[in-house]
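Just so it is clear, the values below take in all heavy atoms, side chains as well, and ignore hydrogens, waters and symmetry mates. Chain identifiers are assigned alphabetically (A, B, ...) following the order of the sequence lines, protein sequences preceding nucleic acid strands; residue numbering begins at 1 within each chain.
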Amino acid sequence: MFTPVPSRVSMPELDARILQYWKDNDVFRRSESERPDAPLFMLYEGPPTANGSPGIHHVLARVFKDVICRYRTMKGYRCLRKGGWDTHGLPVELEIEKELGLSSKREIEEYGIEKFNQKCRESVFRYVKEWEVMTDRIGFWVDMDDPYVTLHNDFIETGWWILKKLWDDGLLYEGLRGTPHCPRCETSLSSHEVALGYQENTPDPSVFVKFRITEPAATLTIDGSVPTYFLAWTTTPWTLPGNTALAVDANAQYSLVELEDDGNTERLILASELLETNVEQPYNIVATFSGADLVDSGYEPLYHPGVYGTDIRRFEHKAGPGGSQITELVSTSDFAPRVVAGDFVSMEDGTGIVHIAPAFGDEDLGLGRDKELAFVQPVNLTGLITGNYSFAGKFVKDADEDIMKDLSERGLLHRRDIYRHTYPFCWRCDTPLLYYAKSSWYIRTTAQKDRLVEGNSSINWYPDYIREGRFGEWLRNNVDWAISRERYWGTPIPIWQCPVCSNRVCVGGVAELKDLANGSVAELDELDLHRPYVDDVVLSCTKSGCGGQMRRIPEVMDAWFDSGAMPFAQWHYPFDNSEIEADGRFPADYICEAVDQTRGWFYSLHALATLLKGEPSYKNVICLGLILDSRGHKMSKHVGNVVQPDTILDVQGADALRWYLFTASHPGEPRRFSDKLVNETLRRVLLTLWNVYSFFTNYASIDQFHPDQVPADWKPENELDRWILSELNVLVEQVDGYMDSYNPTDSGRRLQEFIDQLSNWYVRRSRRRFWKSENDTDKLSAYATLYRCLVTVSKLMAPLAPFMAEEIYRNLVCVVDSAAPDSVHLASYPEPDATLIDRDLMEATRLAMQVSSMGRAARSRAGVKVRQPLAEVRVWGHAGHLRQVQGQILEELNIKQLTVLDKFEGEAQAYFDTVRDATQASNKGEFDGRGLQQVDDYWVSVEPGCLVALDTRVSPDLADEGLAREIAHRIQGLRRTAQFDLTDRIVTYYQGPDDVARVMATHADYISQETLSEELVAGSLGDAEGSETQQFEGMEVTLAVKRV
RNA sequence: GGGCCUGUAGCUCAGGUGGUUAGAGCGCGGUCCUGAUAAGACCGAGGUCGUUGGUUCGAGUCCAUCCAGGCCCA
């Protein structure tokens, strides 16, 4: 039979007990293995990096992953949840660099790539134990024994296979990329690193440069007799030798002005609205044009690359795969810089004419590709000017002064100033960063842009605005994915290049590599595919007759490529598990991560699956808002405001934390974390339920209740039973619906409401039915009802609060039903019984609650405590409902008789008018339909649709009855302080005035029955187990009790 | 600078398609109740629904602007 449960409970201890039970009985494994034929529900785990301690924000994502899978399991699915670890990438390298005190790529290479990578490899599992413990502790079921690991050879090999496929499809290419580059460290910086090194108020030269017009556009009329110039502005004079175009805003207005400069007459073109700010000397406006009129004008280069020994190349559009357009860089000897339209031209500062050098800025590079501009690179990777310029060999920033001087001497400098702005510096060495167009490998995602957008429209996003908003926007603005990194610790790019003939091959797997490598096959079997080992593999050039020795290109892959490859790489597809599409392992049914992954994992998964399979790799995704600290700031290691999960879990337990995370706000919203609110959740929701459960087990144990005693065809007759079972079945319907639509938040909130109703109305109103000593059918009905509620709630809540649900289920179900599944998580999710839903009764009960509340308010105002019985209450409202639930109202309000006022006339009307008038009188003439006033002997409470008039007169008989209840109440208190058992029988002694003696006599039956007193004895008691002298109703009364 | 999201009581949150008095829980002050409860009931204080405009007979709700915060990207 049921084990009686104390009302006090330690959640952390309960968690530990349940975890042990799951472990001993292998429950997680069995949730998958015992249902081989069930439909598959596939979770893809977004792999964390275990090189740091997990924080509360990691708990958030993990419990949202868990809750959906537990639900699906109970709905009859077989959930596959393979764990994973992300192990590559720049953050790992930076951590190790810091540890080793290295500060540049040169130093890493001097230290040795082999040793360096070994350190990286060790570091990524440093906190794996902590992660495993946390994962276990919060009840996240995921297969951590056989996780996928991005550094495993098998995982890398699938990555190679993917790249090879893209290569074969013409979707992999080498191109230029504008990157922030540190000329001292000779390396690109990630955006994260750039963000670390911004310095405000950095002074830079501000120069206004004149570009002489040589070939005005057809739309432009220029008087050739006066020298005419475009006026452009820049803060980086050193980029001017790289100039290949000027950009204007096609829609803006430009002015041609004439002025005197050093005694010479000249004409300048610049944006009309920037004339005032940029031209200090007197001028005449000769003409105005639109920006579009200027486009295609040719001008004289400041430094013709052909003259200064710098190569000229040019972007050219060509037809690419799948009807797409690709852009290639080709060598040329022609150089004809011209004016183009650019949509980024700003009128905030400058002249409205922007100097374009595709070799430097990323925007310039984009415009160069777009407009097929020339490309001139007069600076090397160490930041020195090349060619034979007079300032060649100087560091770019030092060349600024020479260039300005040179231009000034040639009469091409209109003005120069100092400009202060925010500029990025290398966070390691403080060198100013240069934006530099570097060679990089790209995946041509733009070739499948339409498919990416189309596939996205079929994904279920929660919240749904992400689909068209943040993610859709990102896809519509798709640019090719730059996947190469000039780094060490990552998946090596499997491209080998011949130094003789530049021939390249992409290798799609280890077997293929063996085929291409001559000799040393045995070694290749054991080869770690990482750098530097793979760099040593030399292939003979595949071009017939070349005979060159091909070497691998040095780059590794962006770590996002690894995580995006996981749908395939976690199974070592297609080398193993070639059937993942057929058996449902691809695509995933569900993924869940925080919103910062839109351009991270959500994208890399989507992009690779679309390129490889033409369809998305996930069907449903919950995108979580970020978790903030109590002041609303993002939690981060740097700020030191990360909440350690243990500090919560060890006090409140896992269920309270989970429940709080599910219900505090909807998943997409950012949330402030507060341990106080976790505690509130614990008390208000979980402990309330626990106490109902404790109440049930205590009384069920006393009465030896067994569910078998309930007939199979039992239907509740009692009004309270019918009501709560109706509420229960509505609850089942709603919670199931919410869970089905990936909404644990509203599921939890709905369950909270029910738990409140169950505890504070059903149990409170039904208590006496459980106390009655006879085992009549009504008592059995109450047990059957409460039992069903608790069992059903334990199942409904199991996905959210798996520990308490398990505890309740095991004690209530497994103990009495050996055929039932031995874990709530292996049980079926409840289904609603529509025949038990009675909307009318639910409405009537709601009215009973409202009338009770109004009656209590009237009592409170009249100063008559609930313990004092009263004679009558008159109520106007829904008459049918009132008659239906009048018993509940009478008991709740402790009143003898309820009179239903059928019509709103006569007394009802008179009560209402008086309340309205009195309320208006005391409330500046305002009456909002609510009021509480005394009307003769009645206190009358009015609310819209309901009126309650309470007779507050206390007759002597009623007063005696009230005193009897008071005395019984005091005796109960004594019983409790003396810690008597609920069923202990006692003898009660009393001393007090005549009134007490009289009531003890006249209400002896009542008092005895309520307090389980065998005798009520006047006088004192020597060996009392509990005794107290108290003042009440102006009397001094002494009561004493002892067990018999 | 661009995109997306958020802004309702001290705190955490509700407030379909615009419609009479903007709600809940916690917290606070008071009163009461208690054979389950770290509980419950009643009363009270506390909100110009971020700002300013607009549409409308009517806006927390729709539109625009601005302000503040967050994330992602420049």
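Comparing E680(A) and V692(A) by the nucleotide of RNA chain B that holds the closest heavy atom to each, the one mapping nearer the 5' end is E680(A). Mapped onto RNA chain B by nearest heavy atom, A664(A) and L758(A) fall at different nucleotides, with A664(A) at the one closer to the 5' end.
Between U56(B) and U12(B), the distance separating the two C1' atoms is 34 Å to the nearest Å. To the nearest whole angstrom, the two P atoms, one in G60(B) and one in G69(B), are 26 Å apart. The C1' atoms of C13(B) and G18(B) are separated by 23 Å, rounded to the nearest whole Å. Atom C1' of G10(B) sits at a distance of 12 Å from the matching atom of G47(B), rounded to the whole Å. The gap from the P atom of A39(B) to that of C28(B) amounts to 11 Å, rounded to the nearest Å. Using atom C1' as the reference point in both G7(B) and G15(B), the two lie 15 Å apart (nearest Å). Using P as the reference atom, U8(B) and U52(B) are 16 Å apart when rounded to the nearest Å. Taking atom P on both nucleotides, G29(B) is separated from A45(B) by 16 Å, rounded to a whole Å.
Remark: P of G2(B) and CZ of R470(A) are 16 Å apart, rounded to the nearest angstrom. Atom CG in D746(A) sits roughly 14 Å away from atom P in C13(B) (whole-Å rounding). As rounded to whole Å, 14 Å separates atom P of A74(B) from atom CG of L433(A). For W939(A) and C42(B), the CH2 to P distance is 17 Å, given to the nearest whole Å. Note: CD (Q752(A)) to C1' (A14(B)) measures 12 Å, nearest angstrom. The interatomic distance linking W461(A) (CH2) with C5(B) (P) rounds to 14 Å, in whole Å. Whole-Å rounding puts the W481(A) CH2 to C73(B) P distance at 14 Å. I466(A) places its CD1 atom 11 Å from the C1' atom of C72(B), with the value rounded to the nearest Å.
Within 4.0 Å of F471(A), counting heavy atoms only, lies no atom of the nucleic acid at all. If you check every strand for non-hydrogen atoms under 4.0 Å, T598(A) touches nothing. Heavy atoms of R859(A) sit nowhere under 4.0 angstrom from any nucleic acid atom.
The pair R470(A)-E473(A) does not count as a salt bridge, with every side-chain nitrogen at least 4.0 angstrom from each carboxylate oxygen.
Between Y783(A) and F2(A), the ring centre distance reaches or exceeds 6.0 Å. Side-chain rings of W659(A) and F662(A) stay apart, their centers remaining 6.0 Å or farther from each other. Ring centroid separation for the pair F770(A) and F696(A) does not come in under the 6.0 Å cut-off. Ring-centre distance between W474(A) and F602(A): not below the 6.0 Å cut-off.
Considering R859(A), R767(A), R764(A) in turn, R764(A) is the only one that fulfils the salt bridge (Lys or Arg N to Asp or Glu O under 4.0 Å) rule with E892(A).
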Base-pairing string, 5' to 3', of RNA chain B - Watson-Crick or wobble, under 3.5 Å, | interstrand: (((((((..((((.....[...)))).(((((.......))))).....(.(((..]....))).)))))))).
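Interatomic distance, CG of L624(A) versus OH of Y462(A), reported as 14.0 Å (0.5 Å rounding).
When distances are taken from the side chain of V763(A) to each of G70(B), A36(B), C5(B), the shortest belongs to A36(B). If you check A36(B), A14(B), C71(B) against the side chain of S694(A), the one that comes closest is A36(B).
Taking 4.0 angstrom as the limit, R856(A) places none of its side-chain polar atoms (N or O) nearer than this to OP1 or OP2 of C33(B). At least one side-chain nitrogen or oxygen of H666(A) sits closer than 4.0 Å to the OP1 or OP2 atom of A14(B).
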Where do N or O atoms of nucleotides 38-40 of chain B meet protein N or O atoms at under 3.5 Å, pair by pair?
from: A38(B); atom 1: O2'; to: R683(A); atom 2: NE; distance (Å): 3.0
from: A38(B); atom 1: N6; to: V9(A); atom 2: O; distance (Å): 3.0

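R369(A) places a side-chain N or O within 3.5 Å of a backbone atom of L176(A) that can act as its donor or acceptor partner.
Donor-acceptor pairing under 3.5 Å is lacking for the side chains of D364(A) and Y435(A). No side-chain N or O of N743(A) forms a donor-acceptor pair with one of S747(A) less than 3.5 Å apart.
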Derivation of the ring-ring contact (aromatic ring centres under 6.0 Å, His included) call for F673(A) and Y660(A): CA-CA 9 Å; F673(A) 185 81; Y660(A) 165 78; 5.5 Å; yes
